[in-house]
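Just so we're clear, the structure is a prediction, and the values are computed from it rather than from any experiment. Along the sequence shown, residues carry numbers from 1.
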Amino acid sequence: LLTLIEVLSGEGVGKYEKHPKTRHRKISNVELGLTKLNELGVVCPHLQASEVVDGDLNAILTLVWELVHVFALESNTEASLTTALQNRLQDYAGLHVQNFSTSFRDGLVFCALVHQRR
């Protein structure tokens, strides 16, 4: 997570343990990352570092969504991602990806992506 934040932001996150072994150290690293993201305008007010460390899928997807939203969705990038999703999900009848707000609102696109990965 911290390396991803550094790459996306072009800024360092500070001192952290590169390969934490204990849960406590992993949580410290994620907290450092969430603090840096907050400084960069990526706000996940209800996200707890322990949820990420414990593998809470909802927490991780919330974090990933916010990262994509803040760092990647320029108009050209959004169009490219939308096209890629349309191609990937073409076997799902009635599922149309037009954008990253209304197309994801009912959860069907997300479920199709998860289903496809299983």
What I'd like to find out is whether the side chain of [X] reaches to under 4.5 Å of the side chain of [Y], using heavy atoms alone.
X	Y	result
Q98	T82	no
L63	L34	yes
R25	Y16	no
L85	L113	yes

- Query: Which is it for I27 and Q48 under the side chain to side chain contact (heavy atoms under 4.5 Å, CB included) test, yes or no, and what are the steps along the way?
  - Reply: CA-CA 9 Å; I27 289 173; Q48 300 294 317; over 6 Å; no
- side chain to side chain contact (heavy atoms under 4.5 Å, CB included) evaluation trace for E66 with L37: CA-CA 10 Å; E66 287 301 321; L37 288 173; over 6 Å; no
- Message: Closer than 3.5 angstrom, by distance alone: can the side chain of Q86 be matched with the main-chain N or O of V97 as a donor-acceptor pair?
- Response: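 Judged by distance alone, yes, a pair lies under 3.5 Å.
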- Counting N and O atoms only, with roles assigned by atom type, does the side chain of N29 sit under 3.5 Å from a partner on the main chain of E17, one being a donor and the other an acceptor?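 Checking the backbone N and O of E17 against the side chain of N29, a donor-acceptor pair under 3.5 Å is found.
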- Test side chain to side chain contact (heavy atoms under 4.5 Å, CB included) applied to L108 and Y92, step by step: CA-CA 10 Å; L108 292 176; Y92 292 86; over 6 Å; no
Restricting to side chain to side chain contact (heavy atoms under 4.5 Å, CB included), what partner residues turn up for [X], sequence neighbours left out?
X	result
I60	V52, V64
N58	D56, T62
L40	I5, S9, E11, K36, F71
T35	E39

- Item | All side-chain hydrogen bond (donor to acceptor under 3.5 Å, both in side chains) counterparts of K15, not counting sequence neighbours |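 Partners of K15 under the side-chain hydrogen bond (donor to acceptor under 3.5 Å, both in side chains) test: none.
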- Item | N99: side-chain hydrogen bond (donor to acceptor under 3.5 Å, both in side chains) partners, not counting sequence neighbours |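 Expected list: S101, T102.
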- Query: Parallel under 30°, tilted from 30 to 60°, perpendicular over 60°: which one fits the rings of W65 and F104?
  - Reply: tilted
- Nearest atoms (heavy-atom pairs only) where S103 meets V109: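 Looking at all heavy atoms of both residues, the shortest contact is O-CG2, 3.2 Å.
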